[in-house]
Amino acid sequence: MNVYILKKVLPKPVIMFFYSIIFMLTLMFTSGFINIVSQAYNNPHNLEDIAIKWQYFTEHKDDYDAVFFGASTTYQEVIPKIFDEAMTANGKNIKSFNFGIMAANVAELDFYLQKVLDLKPAKLKWIFLDCLVNDFILIAPTSARNVYWHTPLQTIENFQVILSSNYSLKEKISGIYANSKSFIYRCLGIGYFYNFWQHHQEENLPEGLQKIASTDKMLQEEGYYAMDWMENSEKWQKTFQTKYLDGYLKRLEQAKLGDYEQNNTLTPDSYGIKIIKNIVDRIENFEKISNNQVEAIFFIPPILEADVDHAAIMKAYDLGYIPTLLAFNNPNTFPNFYNLDNRSDGRHLNHKGAQEFTLTLAEKFAQHLQ
């Protein structure tokens with residue numbers, strides 16, 4: 001049936017609707033192709049500290065033996081200089097870099113892990129991973145940061161994580177909607193114009209989301225930046241003390257008594273577990289094609305299970321998918337990490353706590369190497 005016959009059979013509004021769909025799909029695919037081949041897209045300048053970390057790492061990639069990947073609990077709690085000094089004291093010379101990303105979930109970390117492995121760092125031997133599997137609610141879906149990593153593969157991965165999670169139907173729909181917005185914006189962004197207009201999408205972020213005050217200090221610390229050093233850290237500390245402290249202390253007491261609900265619904269087919277296994281497989285494949293022996297070291301930072309669900313990582317470890325897991329989420333085993341003088345809030349250590357945690361992490365890692 002040709003177009004002329006369709007015009008005879010179908011009402012004009014229906015035909016115009018189909019033309020609109022075709023136009024939008026053509027625009028999306030064309031814009032997506034331009035983004036793929038555009039230099040501005042491959043090296044975005046509007047991702048703030050992520051772009052600075054990425055640029056610095058690409059220029060010094062062959063200097064590092066170890067890279068830490070994770071969300072803010074890695075970014076603000078693992079101090080490479082202290083870790084390296086502690087490992088030297090244990091007879092192992094290591095230079096490490098903190099590639100933590102604020103509020104990153106497992107799909108975003110997987111995106112940057114692939115980019116780092118594509119660089120083929122000459123000395124890379126250990127990849128430390130702190131993965132938030134059950135955290136997919138995007139705070140600012142149209143921000144340059146979220147738009148950038150929403151490739152088709154990463155978006156599909158996040159959809160599957162959402163659908164296999166134990167969140168409510170309403171939360172799943174909200175998560176799929178937000179991630180769809182990021183993906184569509186990514187497809188419609190065009191080259192340098194994309195970099196220009198995305199500069200204006202970072203305003204009016206929710207309470208508690210903080211920005212670093214000095215990228216120079218971050219690079220001096222090999223990617224680490226303490227909660228204490230953030231632009232609005234004092235204000236956030238007061239907010240935590242007045243609004244959230246009682247809740248944290250209650251959850252802490254419940255954790256010490258073992259009185260919290262664990263997610264026992266996960267099966268080996270749960271996509272959160274599959275994506276963790278895919279990350280391990282990716283690292284093992286990199287090991288085969290490179291001259292490096294690279295080991296994946298998963299770790300759980302000092303954070304209560306009531307605040308972050310690590311069931312997928314624990315299950316993957318029990319199934320043998322994760323070769324090594326260093327866990328610090330038990331307040332009875334590591335009580336110092338949960339004391340208020342070591343914390344910025346319920347989820348994060350302060351600089352003093354980060355120093356103590358990094359030394360303990362290095363100690364456990366040195367024991368693993370023996």
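Worth saying up front: this structure is predicted, and the values here are computed from it rather than measured. The figures that follow rest on heavy atoms only: side chains count, while hydrogens, waters and symmetry mates do not.
Taking the six-membered ring for Trp, Phe68 and Tyr224 have ring centres at least 6.0 Å apart. The aromatic ring centroids of Tyr317 and Phe298 lie 6.0 Å or more from each other. Residues Phe97 and Phe128 place their aromatic rings such that the two centres sit no closer than 6.0 Å. The aromatic ring centres of Phe111 and Tyr148 sit less than 6.0 Å apart. The aromatic ring centroids of Tyr64 and His60 lie 6.0 Å or more from each other.
Evaluated for a side chain to side chain contact (heavy atoms under 4.5 Å, CB included) with Gln241, the options Lys238, Lys243, Gln237 yield exactly one hit, Gln237. For the side chain to side chain contact (heavy atoms under 4.5 Å, CB included) test with Glu77, the passing option among Ile79, Thr74, Thr73 is Thr73; the others fail. Of the residues listed (His348, Arg347, Arg343), the one engaging Asp345 in a side-chain hydrogen bond (donor to acceptor under 3.5 Å, both in side chains) is His348, and it is the only one.
Using a 4.5 Å heavy-atom threshold, the side chains of Thr155 and His150 count as touching. Proximity of Asn179 to Phe183: side-chain heavy atoms (C-beta onward) are nowhere separated by under 4.5 Å.
Closest approach of Tyr338 and Leu304 over heavy atoms only: CE2-CD2, 3.7 Å. Of all heavy-atom pairs between Ile101 and Glu108, the closest is CG2-OE2, 3.8 Å. Minimum heavy-atom separation, Ala316 to Ile276: CB-CG2, 4.0 Å. In plain terms, the two heavy atoms of Ala104 and Gly70 that are nearest each other are CB-O, 4.5 Å. Taking each heavy atom of Ala296 and Ile283 in turn, the nearest pair found is CB-CD1, 3.7 Å.
Under the 4.5 Å side-chain heavy-atom criterion for Ile, Leu, Val, Met, Phe, Trp and Tyr, Val116 and Leu153 are members of distinct hydrophobic clusters.
Ring geometry for Phe337 versus Phe328: interplanar angle over 60°, hence perpendicular rather than tilted (30 to 60°). Classified by interplanar angle (parallel below 30°, tilted 30° to 60°, perpendicular above 60°), the ring pair Trp229/His351 is tilted.
Taking CG from Asp130 and NE2 from His310, the interatomic distance works out to 6.0 Å, rounded to the nearest 0.5 Å.
The backbone N or O of Ser96 sits nowhere less than 3.5 Å from a side-chain atom of Lys81 that would complete a donor-acceptor pair. Asp228 contributes no side-chain N or O that, together with a main-chain N or O of Asn350, makes up a donor-acceptor pair within less than 3.5 Å.
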